[in-house]
Amino acid sequence: METLSSNASFGGTQHVIKHASKTCACDMTFALFLPAEAKDGPVPVLWFLSGLTCTHENAMVKAGAQAWAAEQGIALVFPDTSPRGEGVADDNAYDLGQGAGFYVNATQDPWKPHFQMWSYIADELPALLGENFPLDMDRQAISGHSMGGHGALTLAMSLPGRFLSVSAFAPIAHPTGGDWGRKQFTAYLGTDENTWKPHDATLLMQERGFDGPVLVDQGTQDQFLELLMPEALSAAMAKRRQNGVFRMQPGYDHSYFFISTFMEEHVNFHADALWSA
């Protein structure tokens, strides 16, 4: 691993770290915020998965999460959204290729050699974090925005017992039913739609739900509402009687102004689950 930067932040430290990923067969970069309590022993972990076109840096800089994580004594992990670099496949469209990994393991060329983001987030990066940093990997929670909200929800429901809570800001809620999903799943996973189903939060909520609390915030003025399909996830949560809250926030769009407005509530929501376990 190579530490690219370390900055004092709210009594703790914000790191940016690069490492050679075997899973993605390239260098990967992630950001890790450690609160002051990490100097005395392992602390709980909150993951934040970012959306289309983002890197590790967007949420690290814009979400304002460090202040609230420091208050609660929990760490933050901001992974990148895809593999990157020379030799890594890409596309001219903003919603496919680098910056658009969709948190799946690609089975189709030219994406397969590097785009293994599910295994990277589910397996490789947690193992690296647990081995090298003072983190309590028995106390994990996960959140995300847009494509990252899709990733957070699908990982949480597919890895029972891993995460104590899950939240999302404007998630891509029903990707098998819309253009933000069908396009990418066809490219990464092929045309067999059965392989898409494990990566659809609405279908997973219908089939299994989440064994813990769920919080979803969606802005009513989101410019991507038709692509996100929040009504599908909301209906699935209601039908399952999921332990959770789905909130439509009047006037808010898809931006980090929306995310930063409600970040304190999301961090506190996760802290309640992490510290009560």
Side-chain angles (χ1 to χ4, degrees), residues 48-54 58 81-82 89-108 111 115 117-118 121 142-158 166-210 214-240 242 244-256 258-259:
F48 188 92
L49 306 184
S50 292
L52 287 167
T53 75
C54 292
N58 297 73
T81 56
S82 78
D90 201 6
D91 191 272
N92 290 330
Y94 75 94
D95 57 356
L96 188 67
Q98 295 186 36
F102 261 76
Y103 305 100
V104 302
N105 284 343
T107 60
Q108 308 297 305
W111 314 106
F115 280 72
M117 288 301 294
W118 180 276
I121 299 296
I142 192 166
S143 183
H145 170 233
S146 193
M147 179 185 72
H150 139 77
L153 289 164
T154 55
L155 282 156
M157 286 187 276
S158 299
V166 60
S167 74
F169 297 87
I172 300 174
H174 187 29
T176 64
D179 289 342
W180 270 0
R182 297 188 65 84
K183 171 185 175 178
Q184 293 81 3
F185 290 171
T186 300
Y188 296 144
L189 303 176
T191 57
D192 181 359
E193 296 190 17
N194 288 320
T195 65
W196 305 357
K197 293 178 181 179
H199 300 287
D200 187 306
T202 293
L203 300 182
L204 289 172
M205 182 60 66
Q206 292 171 351
E207 294 172 5
R208 64 183 71 170
F210 177 65
V214 178
L215 173 61
V216 179
D217 275 317
Q218 171 65 61
T220 62
Q221 297 303 307
D222 194 312
Q223 57 271 46
F224 303 113
L225 267 178
E226 296 303 316
L227 294 167
L228 300 172
M229 303 180 71
E231 65 282 355
L233 178 60
S234 176
M237 289 176 64
K239 186 172 182 179
R240 172 163 284 278
Q242 171 68 43
V245 177
F246 191 108
R247 307 188 299 192
M248 295 298 297
Q249 300 291 1
Y252 286 91
D253 60 16
H254 201 69
S255 71
Y256 270 87
F258 163 57
I259 297 169

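Side chains included, hydrogens not; waters and symmetry mates left out as well; all remaining heavy atoms used.
- In this structure, the separation between OG on S167 and CZ on F48 is 8.0 Å, given to the nearest 0.5 Å.
- When atom types are taken as modelled, the side chain of N105 and the backbone of W118 share a donor-acceptor pair closer than 3.5 angstrom.
- Checking side-chain atoms of Q98 against main-chain N and O of S82 turns up no donor-acceptor pair under 3.5 Å.
- With sequence neighbours excluded, no residue forms a ring pair (Phe, Tyr, Trp, His ring centres under 6.0 Å) with H174.
- Of the possible polar contacts, one joining the T220 side chain to the G251 backbone as a donor-acceptor pair under 3.5 Å is found.
- In this structure the side chain of L215 reaches within 4.5 angstrom of the side chain of R247, judged on heavy atoms.
- Residues passing the side-chain hydrogen bond (donor to acceptor under 3.5 Å, both in side chains) test with D222, sequence neighbours excluded: Q218, H254.
- Side chain of S158 to main chain of L155: no donor-acceptor pair is present (N/O by atom type, distance under 3.5 Å, no hydrogens or angles).
- Counting all heavy atoms, side chain and backbone alike, G144 lies closest to A152 at N-CB, 3.9 Å.
- The shortest non-hydrogen separation linking R240 to M205 is NE-O, 2.6 Å.
- Interatomic distance, CD1 of I121 versus OH of Y103, reported as 6.0 Å (0.5 Å rounding).
- Listed for the Y188 side chain is a donor-acceptor partner under 3.5 Å among the backbone atoms of G97.
- Taking CG from D217 and CD1 from I259, the interatomic distance works out to 10.5 Å, rounded to the nearest 0.5 Å.
- Here the closest heavy-atom approach between residue A106 and residue W111 is recorded as CB-CB, 3.7 Å.
- Between F169 atom CZ and Q249 atom CD the span is 9.5 Å, to the nearest 0.5 Å.
- At least one side-chain heavy atom of S146 sits less than 4.5 Å from a side-chain heavy atom of L228.
- At distances below 3.5 Å, at least one donor-acceptor pair connects side-chain atoms of T81 with backbone N or O atoms of C54.
- Taking the side chain as every heavy atom from C-beta outward, F102 and H199 never approach each other to under 4.5 Å.
- In this structure T186 satisfies the side-chain hydrogen bond (donor to acceptor under 3.5 Å, both in side chains) test with no other residue, sequence neighbours excluded.
- The shortest non-hydrogen separation linking T202 to A173 is OG1-O, 2.7 Å.
- Here the straight-line distance linking atom OG1 of T176 with atom CZ of R182 works out to 7.0 Å at 0.5 Å rounding.
- Taking the six-membered ring for Trp and the full ring otherwise, the centers of Y256 and H145 sit less than 6.0 Å from each other.
- In terms of heavy atoms, Q223 sits closest to D253 at OE1-CB, 3.4 Å.
- You'll find the side chain of L204 stays beyond 4.5 Å of the side chain of L153, heavy atoms only.
- Between K183 and A93, the closest heavy-atom pair is NZ-CB, 3.6 Å.
- For the atom pair NZ (K197) and CG (D192), the distance works out to 9.0 Å, reported to the nearest 0.5 Å.
- Put simply, the side chain of Q184 gets close to the backbone of G181: a donor and an acceptor are under 3.5 Å apart.
- Although no hydrogens or angles enter the test, the distance criterion places no donor-acceptor pair under 3.5 Å between the side chain of D91 and the main chain of L96.
- Aromatic ring centres of H150 and W180 lie farther apart than the 6.0 Å criterion allows.
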